[in-house]
Amino acid sequence: MTIETLNAGLDTIWVVLTAAMILLMEGGFALLEAGFVRTKNNVNIIMKVFADITIGTLCYFAVGFGLMYGTDLFGLVGANGFFLKGDLSHIDLTISIDAYWLFQGAFVIAVISIVSGAVAERINFRAYLIFVVMMTAFIYPVAGHWIWGGGWLNELGMQDFAGSAVIHALGGFSALAAAIVIGPRAGKFPIAGTSSISLPSNLPLASVGAFLLWFGWFGFNAGSTLQATDGRIGHIAIVTMLSAASGGAMTLLYTLFRYGRSDAPSVINGSLAGLVGITAGCAFVSDLAAILIGGISGMLMLAATSWLEVRKIDDPVGAFPVHAASGMWGTIALGLFSTEGGLFTGGGWHLLGVQSLGLAVLCIWGFSLTWFVFKIINIWVPTRATEEDEELGLDISYHGILATHTSPEFIKVEDYVKQDEKAKDVRL
């Protein structure tokens with residue numbers, strides 16, 4: 001066994017394990033979103049996450065990976081690699097293409113899950129399935145090619161180590177467009193100038209989801225080295241931890257002194273905002289810079305949440321504040337604090353300019369394509385659940401079952417059918 005073979009084996013183990021950590025984040029998304037929404041929509045949240053990880057995986061395998069990492073065509077899109085076929089030797093790897101695809105496939109599932117939370121409790125499930133196909137097969141892969149696949153933003157020198165821009169800013173603006181097109185939940189903004197509060201159904205559940213996401217983020221960031229022997233892994237892990245802690249601490253202290261109580265949903269999302277903010281620069285910024293990035297990410301999350309309320313945009317789980325606002329800041333922060341060309345570390349304005357340009361392009365791409373896709377979907381399938389379905393709850397309306405129940409341990413099939421027919425009568 002040669003040194004090269006041993007290194008390749010270690011790298012493969014590292015990439016597969018970190019990919020599995022990222023996939024576990026889907027459990028985090030499921031618990032976080034289910035805990036934030038009303039109980040009558042918990043099953044629908046879970047089913048959307050299963051749609052992300054099943055349909056999304058297949059679409060990325062068939063089309064998305066090729067568009068993202070295939071041979072570059074005019075700096076815009078990949079031209080081969082569909083179904084993992086064709087010559088992909090231009091991808092410089094120490095691991096197999098299969099292991100690399102698994103890691104990248106875990107990333108794409110995270111992108112679509114960002115949108116899931118923003119449209120919770122009122123999107124037509126069939127319309128969501130169609131959007132999953134479009135996001136994982138086209139919207140995200142094309143944008144990803146521009147930076148990670150050797151496209152035009154990569155040629156300009158844009159940096160985004162693990163995806164503050166490509167995944168979070170793009171996904172956050174896609175979530176914003178979806179939330180605007182579909183509209184707010186019934187009763188969210190009943191009177192001009194007012195907003196109703198929908199209490200989270202299970203905050204302990206949401207907090208466990210946040211901890212799972214936090215755990216998976218170490219795979220998200222450190223795994224992006226793609227090499228088990230990369231000397232930056234320890235540093236990436238510590239700045240990830242520091243930024244998340246700073247985001248959570250900032251929101252905890254701010255809400256404590258501003259409102260006289262520490263607001264649990266804000267602290268949960270503040271920690272996640274810190275994780276999003278450090279994702280772009282985790283391999284390039286110092287420990288102190290990470291603390292600053294995380295703290296500002298938490299505050300930007302709070303500001304973006306207030307902005308949504310003022311604009312009467314309904315985002316039940318805070319997808320846009322957490323992912324878009326913090327992702328934008330993290331992308332810009334890399335241009336400011338990077339030890340390899342950052343403005344505040346003596347590198348001049350070039351990197352910051354490229355980061356700003358790339359960020360603007362990705363945000364516009366995510367927002368406009370999502371807006372267009374949902375408008376097209378609505379011609380074929382209504383994007384919004386009916387008033388009756390929304391009132392009854394999407395769990396019963398689309399999946400025929402509740403997340404929790406008080407029935408006996410076993411129920412007769414005919415009784416279950418009668419209950420389902422009764423629910424349908426209520427809707428009619």
Side-chain angles (χ1 to χ4, degrees), residues 25 27-39 41-42 45 114 117-118 120-121 164 168 172 175 185 188-189 194-218 238-279 287-311 313-330 333:
M25 293 173 72
F29 276 114
L31 295 180
L32 178 76
E33 295 175 13
F36 273 157
V37 304
R38 290 168 290 183
T39 304
N41 297 306
N42 283 174
I45 289 289
I114 295 172
E121 302 198 285
S164 285
H168 298 285
R185 291 167 291 176
K188 173 62 178 172
F189 302 106
T194 65
S195 173
S196 298
I197 297 174
S198 174
L199 296 176
S201 62
N202 194 324
L203 276 178
L205 200 69
S207 67
V208 172
F211 290 135
L212 283 175
L213 288 169
W214 196 326
F215 171 80
W217 228 286
F218 290 105
I238 191 174
V239 297
T240 298
M241 186 69 186
L242 289 173
S243 185
S246 181
M250 184 64 73
T251 50
L252 187 156
L253 295 173
Y254 176 82
T255 55
L256 179 62
F257 288 100
R258 176 69 174 82
Y259 305 112
R261 65 185 187 280
S262 184
D263 184 66
S266 295
V267 176
I268 290 172
N269 277 345
S271 299
L272 296 177
L275 289 165
V276 171
I278 198 60
T279 298
D287 298 351
L288 293 179
I291 295 174
L292 179 62
I293 290 170
I296 293 177
S297 294
M299 295 306 296
L300 287 174
M301 182 277 300
L302 291 176
T305 301
S306 298
W307 180 80
L308 290 177
E309 289 290 315
V310 171
R311 302 292 299 177
I313 301 171
D314 190 12
D315 184 350
V317 305
F320 176 80
V322 169
H323 297 279
S326 303
M328 291 172 68
W329 160 239

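Legend: residues meeting side-chain contact (heavy atoms from CB on, under 4.5 Å) with Ile45, ordered by chain and number and at least two apart, are Glu33, Ala34, Val37, Lys48, Ala120. Shown here are the side-chain hydrogen bond (donor to acceptor under 3.5 Å, both in side chains) partners of Asp314, two or more places apart in sequence or in another chain: Arg185. Partners of His168 by ring pair (Phe, Tyr, Trp, His ring centres under 6.0 Å), not counting sequence neighbours, listed by chain and number: Trp217, Phe220, His323. Under the side-chain contact (heavy atoms from CB on, under 4.5 Å) criterion, Ser271 pairs with Trp214, not counting sequence neighbours.
Separating the CG atom in Leu31 from the CZ atom in Phe211 is a distance of 12.5 Å, to the nearest 0.5 Å. In this structure, CG in Leu288 is found 8.5 Å from CG in Leu242, a value given to the nearest 0.5 Å. Rounded to the nearest 0.5 angstrom, Leu308 CG and Asp315 CG are separated by 5.5 Å. To the nearest 0.5 angstrom, Leu275 atom CG is 9.0 Å from Met241 atom CE. To the nearest 0.5 Å, the span separating CG on Leu205 from CG on Leu32 amounts to 9.0 Å.
Nearest heavy atoms, Gly172 versus Ile114: N-CG2, 4.0 Å. Of all heavy-atom pairs spanning Ala290 and Ile278, the tightest one is CB-CD1, 3.8 Å.
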side-chain contact (heavy atoms from CB on, under 4.5 Å) evaluation trace for Thr279 with Thr240: CA-CA 8 Å; Thr279 298; Thr240 298; over 6 Å; no
Test log, rule side-chain contact (heavy atoms from CB on, under 4.5 Å), inputs Leu212 and Phe29: CA-CA 8 Å; Leu212 283 175; Phe29 276 114; over 6 Å; no
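A donor-acceptor distance shorter than 3.5 angstrom exists from the side chain of Ser243 to the backbone of Gly274, with no hydrogens or angles considered.
Of the candidates Val317, Thr305, Val276, Val322, Val322 is the only one forming a side-chain contact (heavy atoms from CB on, under 4.5 Å) with Asn269.
Using a 4.0 Å cut-off between a side-chain N of Lys or Arg and a carboxylate O of Asp or Glu, Glu309 and Lys188 qualify as a salt bridge.
Looking at heavy atoms from C-beta onward, Pro316 lies out of side-chain contact with Phe36 at the 4.5 angstrom threshold.
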Sequence neighbours excluded and cut-off under 3.5 Å, please list the side-chain donor-acceptor pairs for residues 294-303, or say none.
from, atom 1, to, atom 2, distance (Å)
Ser297, OG, Ile293, O, 2.8

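Among residues at least two apart or in separate chains, side-chain hydrogen bond (donor to acceptor under 3.5 Å, both in side chains) pairs with a member in residues 244-263 are Asp263-Ser266.
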